[in-house]
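When a ligand or atom number is given, it counts from 1 through the structure's own listing order. Residues: numbered from 1 along the sequence shown. These values consider heavy atoms only, across backbone and side chains, with no hydrogens, waters or symmetry-generated copies.
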Amino acid sequence: MESKNKNSRRDFLKIGGSAAIGLPAMQLIGCNNQVTALEKKELSQNDSIRKFPDNFIWGTATAAYQVEGAVNEDGRGVSIWDTYSKIPGKIKNNDTGDVACDMYHRYKEDVQLMKSIHAGAYRFSVSWPRVFSNATGTPNPKGLDFYNRLIDELLANGITPYATLYHWDLPQILQDKYGGWQSKETSKAFAEYAAYVTEKISDRVKHYFTLNEFYSFTDLSYGLGQLAPGLKLPQKAVAQVRHNAVLAHGMGLQAMRQVTKSTLEIGVAENIVTAVPIIETQENIEAAKKATRELNAGLLTVMMEGKYTDNYLNSLGPDAPDFTEEELKLIAEPLDFVGINVYLANKYVLAANNETGYELISHAKNHPTMASPWHLVSPECLYWAPRLVKELWNPKEIYITENGCGATDELSDEGQIMDTDRVMFIKNYLTQLHRATNEGIPVKGYFHWSLMDNFEWIFGYGIRFGLFYMDYKTLERTPKLSPEYFKTIARDNILV
Ligand code: NOJ
C-alpha cells in the first residue's frame, strides 16, 4: 500500500511531542505535553491511583525473522522459516521474511522510533542461523556483528536491550539432520549456541529469554502442522518435541551461566495457557489455579516444578516422552524471572465437583475478537496470568514479554492511521495489568508487541501488529495513533 503521507518519516521524528504523529491540532488536546493548570491538578489527583511501580519497564518487542530481512547477507544460514515460507500456499499471499522491515539495515532509524515513544527497553531476538551458518561449529562473526551494532546503538540511546535467543528460526540443517526438535541433539546444539552468544554480548546485555513461546514451536509446528516445519506427528513424537524444547531451555540456561562471570538475569518468554475465572469467586479462583497448572503441564509447569504432573503423564500413557531425573533437574534450573506472552484468556473456568476440581468453559460463539481470528478479547487475562504465575510458582519477577493486537490499519487520505481499536485494546489490557501491580504482583515490565508491523508468520504481511505502520513497498515507517498513547504512558509511568 502506498503511503499518502506528505510528511517524510524524518519530518515526523524531528517534530517531537504530539505533532510527531501528524495529527490535527484539535485532536491533540489532552495528549499534548502542555496542560492547563486545571488539567494539571486533575492529573496529579489521579496520578497516584493509576501509577505503575517505580522503575517499571516500558518496552517494545520484535523477532529476527519477522523484521530483519537480509536473509542472504553476511553468511547467514537457512532457517526452517526460509524453507517453509517458500512452499506455495503455506503463507498468506506467499509472503516471506526475505525483506520484512529490512531492520538489518535500518536498525538506527528503528532505535529512534523507540526513543520517540519513550520506550526504555527493547526485546529483540538473535537469529541462530545468522550467528552459526551451520547451527554449530564455526561461528559466523559477521552475523554476530549485526547484534553488536544493534546493542551499541540501543545503549547509546538509553534503551536497555533484552535478548531472546530463540524465536522459531531453527537452522534448517538441524531439521534435516535430526528432525529438529524431535531430537535431543537440537537441545544440545541450542545450549552451545546460547552460550556462545551470551559470552560475546553479556558485557552489555544483562537480560535474556532462552526460548520464545514453546507451545507455538512445538505443538503448533510439529503436531498441528500450522507453523514451520509444518509437521503433523503422532502424540508421542509431539510430547518428545515438547520435552526436548524444555530441555534446551535448561541446558541453555546452565551453559549461559557457566560462560559469564557478570550477573545476568535469565528467564523464558512463554505463551502461558491462562485459565481465567469467569466469575471471580474464591472457589473459581482456586479452580483457575489448578487448571492453569495442568494446562501448562508439559511446558511452563515442568520448567517451574521440575516434574511432569501425574495427570499429564497419565493422560499420555505410553506416549509420554523419554526423560531422565537428571534432565528434569536441568529443566527446572531456577530462573531469575518468568516472562509471559499474554494475549487472551485461553479458557474460562468454573469450580466443579469432579476429579480435577474445575470445568473449562469455551468462549461463546459471539465472543468478540480482534482482527486475528484467534484473538478473543479478554483484557482480564493481563491480571490473571501474572497473578496465577505468582500464586503457583512465586517467582521473584514477572515480565509481560508480549501483549498487543493485530489490525487492518488503513491509511486515511491524509496519511494517518487512527488505530482506535489498538488504543482501546491497550487501555483495557493495561487497566488489568495495573490492577495486578497495584496488588503487589511483581510485574517488572511490559513489552508491547510490536514496535512496527512485521511478518506475522502464516498470516504474512496481511495483519499488522505494530505501533508504527510499515509501507512494505517503500519501507517507510509511519506512527499510528497508538504510539502516541504508549508514549504518554511510558513517559509518565501512569495509565491514562
Ligand atoms: C507471539 C509471537 O511470539 C510473535 O512472534 C507473534 O508475532 C505474536 N505472538 C502475534 O501473533
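- Stacking of R435 on the aromatic ring of Y383 is recorded, both the 6.0 Å distance cut-off and the 45° axial limit being met.
- For Q240 and N244, the side-chain atoms include at least one donor-acceptor pair closer than 3.5 Å.
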#### Entry: Residue pair K177, E185: steps toward the salt bridge (Lys or Arg N to Asp or Glu O under 4.0 Å) verdict
CA-CA 9 Å; K177 235 169 143 179; E185 290 303 319; over 6 Å; no

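- Between K86 and D98, at least one side-chain N (NZ, or NE/NH1/NH2) sits under 4.0 Å from a carboxylate O, which counts as a salt bridge.
- For ligand 1, the 4.0 Å heavy-atom shell contains residues Q66, H167, W168, N212, E213, N341, Y343, W374, E402, W449, E456, W457, F465.
- Closest approach of G223 and V238 over heavy atoms only: CA-CG2, 3.6 Å.
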Pair up each side-chain donor or acceptor in residues 78-85 with any protein partner under 3.5 Å, not counting sequence neighbours, and list the distances.
from : atom 1 : to   : atom 2 : distance (Å)
S79  : OG     : W81  : N      : 3.1
S79  : OG     : D82  : N      : 3.3
S79  : OG     : D82  : OD2    : 3.0
D82  : OD1    : R76  : NH1    : 3.4
D82  : OD2    : R76  : NH1    : 2.9
D82  : OD2    : R76  : NH2    : 3.1
D82  : OD2    : S79  : N      : 2.7
T83  : OG1    : S79  : O      : 3.4
T83  : OG1    : Q172 : OE1    : 2.7
S85  : OG     : Y65  : OH     : 3.1
S85  : OG     : W81  : O      : 2.8
S85  : OG     : D82  : O      : 3.3

